[in-house]
Amino acid sequence: MQRRLGTVERADRFYDEQMLDHLNERMREFIGRQEMFFLATADRHGECDSTFRAGPPGFLHVVDERTLLYPEYRGNGVHASLGNIQENPHVGILMIDFFRARIGLHVNGRAEIVEDEAVRAAHPELTVDSVPGRRARMWVRVTVEEAYIHCAKHIPHLQKAPKGTPRDWGTDDQRRKGGDFFGTARAARERGPAERPAREHVPAVAERGAAGSPPARPAFADALPDAKDPAAWRAHAERVLARARSRRAEAEEVPFTGWFG
């Protein structure tokens with residue numbers, strides 16, 4: 001797609017200057033302030049789910065530069081995200097600071113589900129929340145593979161409203177949870193029991209071998225050479241290095257560091 005739209009050079013510059021395989025100090029500080037994030041998962045068929053997570057600052061806990069932990073609170077019982085992670089460990093986390101820095105941070109990685117007792121044994125510094133609805137049922141541990149900025153230019157600058165009624169953590173009161181805001185319960189009663197369509201089986205991630213699997217994104221413009229041709233790989237690597245040296249020579253004397261350094 002980068003080749004089709006003519007953005008390979010721009011994308012390569014982004015990879016070189018803005019993407020890390022770990023969380024640097026500024027990123028870790030940023031994560032520690034967040035009270036919410038958006039989570040993307042997919043099941044073994046590649047069918048996606050996007051959801052929202054919230055908690056007190058630090059609920060998305062930075063273990064180290066390559067590891068995050070977040071709690072799964074009591075919810076609606078569907079466990080769509082946990083079910084997806086159990087089938088497909090790839091997750092995407094998006095944090096956006098609408099109120100102060102007006103910037104975003106993407107973290108992509110591999111997730112695993114961990115019992116609360118095991119997490120607390122390994123991390124005794126984690127506090128036990130006094131709010132029943134914010135007590136972790138279990139945790140998700142994310143091994144960071146990519147971390148990169150979400151630019152500020154389209155992020156609205158919002159202001160927090162004064163605290164009013166306390167949030168109803170853990171409630172089952174349908175009115176407090178939002179009631180039938182979108183009218184789906186009424187429509188469901190009129191429709192009757194829903195029939196879910198049968199889905200064609202797609203091999204799970206664990207079932208697909210690495211050989212023959214295309215990369216998620218190309219890091220260079222020309223196609224990959226044949227895996228059994230060392231000379232072609234050497235020539236390919238030399239072309240990539242030549243382009244990298246050319247871009248570095250054209251870069252400004254003061255390197256761009258970006259919002260996260």
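Residue numbers start at 1 and run along the sequence shown.
Both Val144 and Ile113 belong to a single network of hydrophobic side chains, linked directly or stepwise wherever heavy atoms of I, L, V, M, F, W or Y lie under 4.5 Å apart. Hydrophobic clustering (ILVMFWY, side-chain heavy atoms < 4.5 Å, transitive): Val91 and Val62 are in one cluster. Follow the hydrophobic side-chain contacts under 4.5 Å out from Phe38 and you never reach Val140; the two are in separate clusters. Met36 and Met27 fall into different hydrophobic clusters, defined by Ile, Leu, Val, Met, Phe, Trp and Tyr side-chain heavy atoms under 4.5 Å apart, directly or through other members. Under a hydrophobic clustering in which Ile, Leu, Val, Met, Phe, Trp and Tyr are joined whenever their side-chain heavy atoms come within less than 4.5 Å, directly or via other members, Val107 and Leu20 fall into the same cluster.
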Discussion item. The test is side chain to side chain contact (heavy atoms under 4.5 Å, CB included); show your working for Ile103 and His150 and say whether it passes.
Written reply: CA-CA 6 Å; Ile103 204 75; His150 187 100; over 6 Å; no
Discussion item. Walk me through whether Phe59 and Asp129 qualify under side chain to side chain contact (heavy atoms under 4.5 Å, CB included).
Written reply: CA-CA 10 Å; Phe59 84 109; Asp129 204 303; over 6 Å; no
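Residues passing the ring pair (Phe, Tyr, Trp, His ring centres under 6.0 Å) test with His61, sequence neighbours excluded: none. In terms of the ring pair (Phe, Tyr, Trp, His ring centres under 6.0 Å) criterion, Phe98 has no residue partners (sequence neighbours excluded). Under the rule for a ring pair (Phe, Tyr, Trp, His ring centres under 6.0 Å), the partners of Tyr148 that lie at least two apart in sequence or sit in another chain are Phe14, His106. For Arg102, there are no salt bridge (charged side-chain N to carboxylate O under 4.0 Å, His left out) partners, not counting sequence neighbours. Applying the side chain to side chain donor-acceptor pair (under 3.5 Å) criterion to Arg120, with sequence neighbours excluded, gives Asp116.
Within the model, atoms CG of Leu60 and CD1 of Ile93 stand 5.5 Å from one another, a figure rounded to the nearest 0.5 Å. Rounding to the nearest 0.5 angstrom, the gap separating the CE atom in Met1 from the CZ atom in Arg4 is 4.5 Å. Note: Leu39 CG to Asp49 CG = 8.0 Å, rounded to the nearest 0.5 Å. Atom CZ in Arg110 sits 8.0 Å away from atom CG in Asn88 (nearest 0.5 Å). Rounding to the nearest 0.5 Å gives a distance of 10.0 Å between CD of Glu47 and CD of Glu87. Taking CD of Gln18 as the start and CD1 of Ile149 as the end, the distance is 5.0 Å to the nearest 0.5 Å.
Looking only at side-chain heavy atoms (C-beta outward), Arg10 and Thr7 come within less than 4.5 Å of each other. Val63 has its side chain within reach of His123: a pair of non-hydrogen atoms, C-beta onward, lies under 4.5 Å apart.
A distance-only check finds a donor-acceptor pair linking the side chain of Gln34 to the backbone of Phe30 [under 3.5 Å]. Using modelled atom types, one side-chain atom of Arg28 and one backbone atom of Leu23 make a donor-acceptor pair closer than 3.5 Å. Of the possible donor and acceptor atoms, none in the side chain of Gln2 sits under 3.5 Å from a partner among the backbone N and O of Val8.
Few gaps surround CD on Glu145; more than 12 heavy atoms of other groups in view lie less than 6.0 Å from it. Residue Glu125 places its CD atom among more than 12 non-hydrogen atoms of other residues, nucleotides or ligands, all under 6.0 Å distant.
Asn108 and Gly92 make their closest contact through OD1-CA, 3.4 Å (heavy atoms, listed as atom of the first residue, atom of the second, distance). Closest approach of Thr51 and Ser81 over heavy atoms only: CG2-OG, 3.4 Å. Contact between Val114 and Met138 at its shortest, heavy atoms only, is O-CB, 3.5 Å. Of all heavy-atom pairs spanning Ala121 and Pro124, the tightest one is O-CD, 4.0 Å. Nearest heavy atom pair, residue Ile155 against residue Gly104, reads CD1-N, 3.8 Å. Nearest heavy atom pair, residue His157 against residue Arg100, reads NE2-O, 4.4 Å.
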Donor-acceptor pairs under 3.5 angstrom involving side-chain atoms of residues 65-72: please list them, not counting sequence neighbours.
residue: Arg66; atom: NH1; partner: Asp21; partner atom: O; Å: 2.8
residue: Thr67; atom: OG1; partner: Asp64; partner atom: OD1; Å: 2.9
residue: Glu72; atom: OE1; partner: Arg53; partner atom: NH2; Å: 3.4
residue: Glu72; atom: OE2; partner: Arg53; partner atom: NE; Å: 3.4
residue: Glu72; atom: OE2; partner: Arg53; partner atom: NH2; Å: 3.2

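Salt bridge status for Glu35 with Lys160: present, with a side-chain N to carboxylate O gap under 4.0 Å.
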